Amino acid sequence: MSFTLIGKHEKDPRASRDALALTLNEMMAADPSICYVDCDLMGCINTKQLRKNYPDRAFEAGIAEANGAGIAAGLAATGKKVFFHSFGTFSSRRCYDQIYMSAAYAGLTVHVLGSDAGVTAAFNGGTHMPLEDAGMYLSIPESTVLDPCDYVQLESVTRQLPGITRGVTFTRFVRKDVIQVYGDGSRFEIGKGVVLHASDRDVCTVIASGIMVDEALKAWEQLQAEGVSVRVIDMFTWKPLDEALLLQAAHETGAIVTAENHNVTCGLGSAVANCLAKNRPTPQEFVGVQDLFGQVGPQSFLMDEYGLRAANIVEAVKKAAARK
Amino acid sequence: MKPFNKKELEVLAARIRLETLKVIHSRGFGHVGGSMDLADLMAVLYGAVMNYDVKDPRWPDRDWLVLSKGHAGPVAYATFGLMGFYPLEEAYTLNHPHTRFPSHTDRKLTPGVDLTTGSLGQGVSTATGAALGNRIDGRQNHVFCVIGDGEADEGQVWEGLHFACAHKLDNIVYFIDNNGYQLDGPTADILPHSSLAAKAEAFGLYTQEIDGHDVAAIYQAIVNAYAKKGMPSCIVLDTCKGKGATFAEVNHEHSSQPKEDAWAEALAAAEKALAEAEKA
Ligand SMILES: Cc1ncc(C[n+]2csc(CCOP(=O)(O)OP(=O)(O)O)c2C)c(N)n1
């Protein structure tokens with residue numbers, strides 16, 4: 001891992017889906033065993049180019065996610081490294097049994113991609129808002145579950161996915177308009193969390209992923225201004241979770257706040273709580289969607305509505321630290 | 001493909017029936033009906049049609065079999081044992097703790113099983129994906145996929161066939177085991193299919209409907225399917241659920257747990273059928 005933190009809360013002019021699309025395009029040129037299956041949503045993530053450039057390896061399964069997932073598993077059985085995409089709602093809920101049995105249980109690796117993570121489904125509304133997608137994948141044995149936060153991190157994890165040959169993987173991501181957290185050329189390692197701020201005066205650790213990383217950085221600034229020091233970790237790797245880093249943070253700071261663009265009943269906070277309860281019980285507060293359905297609206301409205309803001313993290317930090 | 005030899009295949013089918021009964025008898029209960037009715041198909045596939053290597057079950061150029069109706073596992077275990085993928089007696093551990101022979105076919109456990117099935121409908125898609133992968137690799141092999149008529153209630157079955165037609169996959173043959181029964185009774189009482197063959201044809205498959213217990217008809221239908229280029233094939237097998245199991249072929253029950261004397265009667269009848277096939 002090597003990274004530079006930008007953290008200026010500014011949008012990356014590049015659409016983050018291109019981190020996936022352009023990288024896959026490059027990877028498919030280099031590795032003829034990579035295949036791509038989509039369910040009539042190539043247009044949304046700019047992967048039509050894959051079908052154009054690799055017509056014999058990039059396929060439309062049409063609006064038939066269950067079959068698409070099975071096609072992906074069958075391709076994997078012939079030795080292909082397969083990426084499978086739909087919106088996060090549909091690449092989880094609409095084909096869960098197919099991914100579970102035809103791929104995971106059968107010992108076949110499929111790299112599942114879920115676009116429009118959580119509230120970033122914005123104007124597609126509650127029907128299209130995956131708030132349990134990653135939780136569903138967490139509960140599949142041997143799975144890898146990732147929630148990268150920006151263009152550079154998505155590109156870095158995309159490059160690593162074909163190297164995973166055991167279990168299914170699930171990567172949720174945002175189509176466009178993401179805040180640039182990291183400098184170009186930053187590299188991340190699946191299974192390793194990223195420490196963004198740390199000092200020996202930290203009274204709490206904020207563990208965030210995806211769009212919540214930028215909110216966590218803003219919360220850090222606000223707390224600094226108030227004279228409160230906190231640690232900030234980007235835990236894009238929900239599974240495998242970086243347990244060593246988590247336990248060290250729990251030990252050194254004594255309180256934890258998790259922040260996720262997902263239902264808190266089954267997500268990053270739950271994974272963190274599992275690990276802490278087993279190894280080092282620590283006061284924890286959960287920032288995220290509090291067991292609610294999604295709804296339609298601009299992303300900024302939804303982030304306010306569901307409490308996915310720096311202010312919510314600040315409040316949670318104070319609460320967690322007071323419980324020590 | 002080997003030349004057709006009626007007697008040889010009929011003897012093999014009778015042997016598969018007997019062994020399928022023995023495999024299920026080792027546990028005392030199981031999916032007898034939907035296993036026994038596939039014995040003739042399995043005899044033609046493994047006795048004359050398919051290329052495989054029992055020493056190297058994952059040989060990339062092999063022909064593939066996907067029992068999408070995964071509960072027919074026992075007929076596969078009997079066939080694979082007879083062909084030498086493993087000592088047949090090993091399959092007499094059906095559904096015992098830590099067995100390699102679970103009720104539904106599992107590619108991680110049993111040599112010869114190409115894809116894992118059990119959740120109905122899914123094997124159609126994975127078999128189709130495998131055919132697609134084989135075509136990418138330029139292989140000359142075929143994938144055979146067996147679908148139940150009850151299983152055809154699943155939308156995924158039709159999604160898979162739709163995909164295969166769209167991609168002009170002529171290296172896959174789908175069999176529909178048209179025995180007229182599913183778990184809760186006759187398919188006609190649950191979701192009547194009108195004609196499965198007409199539906200498959202309407203989807204764009206080269207479709208044939210034959211007597212699924214006639215080894216000559218099965219062999220010829222596969223010859224026809226191989227000759228058809230540019231589209232996938234569907235062979236509807238008209239069968240009798242439970243065929244050759246005295247206690248199951250009368251009421252076409254889905255799962256059987258006969259008393260020991262009924263087992264004895266069925267095993268004796270299957271032995272006799274084998275002896276007669278050998279004499280013929
Ligand atoms: C998705 C799914 N739903 C339900 C079942 C339970 N089940 C197993 S076999 C069966 C009936 C299958 O009927 P059919 O496909 O006609 O098989 P056959 O009669 O040839 O044995 C059912 C409902 C299952 N295995 N998978």
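All chains are named by letter (A, B, ...) in the order of the sequence lines, taking the proteins before the strands, and each is independently numbered beginning at 1. The figures here come from the full heavy-atom set of this structure, side chains too, leaving out hydrogens, waters and symmetry mates. Just so you know, these numbers come straight off a predicted model, no measurement behind them.
A/N67 and B/S125 are linked by a side-chain donor-acceptor pair at a separation below 3.5 angstrom, with hydrogens and angles left out of the test.
Neither the backbone nor the side chain of B/H162 comes within less than 4.5 Å of any heavy atom of chain A. Using a 4.5 Å cut-off between heavy atoms, B/W158 does not touch chain A at all. When heavy atoms are compared at a cutoff of 4.5 Å, B/D106 approaches chain A solely by way of its side chain, counted from C-beta outward. For B/I136, the part lying under 4.5 angstrom from a heavy atom of chain A is the side chain only. With a 4.5 angstrom heavy-atom cutoff, A/Y100 does not touch chain B via any of its atoms.
If you take NE2 on B/H167 and CD1 on A/I71, they are separated by 8.0 Å, rounding to the nearest 0.5 Å. A distance of 9.0 Å separates CG in A/L108 from NZ in B/K108, rounded to the nearest 0.5 Å.
Between chain B and the residues A/A77, A/S102, A/A69, A/A73, the most heavy-atom pairs under 4.5 angstrom are made by A/S102.
Contact detail for A/E65 and B/E159: the closest heavy-atom pair is N-OE1, 4.5 Å. In plain terms, the two heavy atoms of B/T116 and A/M101 that are nearest each other are O-CE, 3.5 Å.
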Evaluate B/D137 against A/K80 for salt bridge (Lys or Arg N to Asp or Glu O under 4.0 Å), listing each step before the verdict.
CA-CA 10 Å; B/D137 292 337; A/K80 308 289 176 232; 2.5 Å; yes

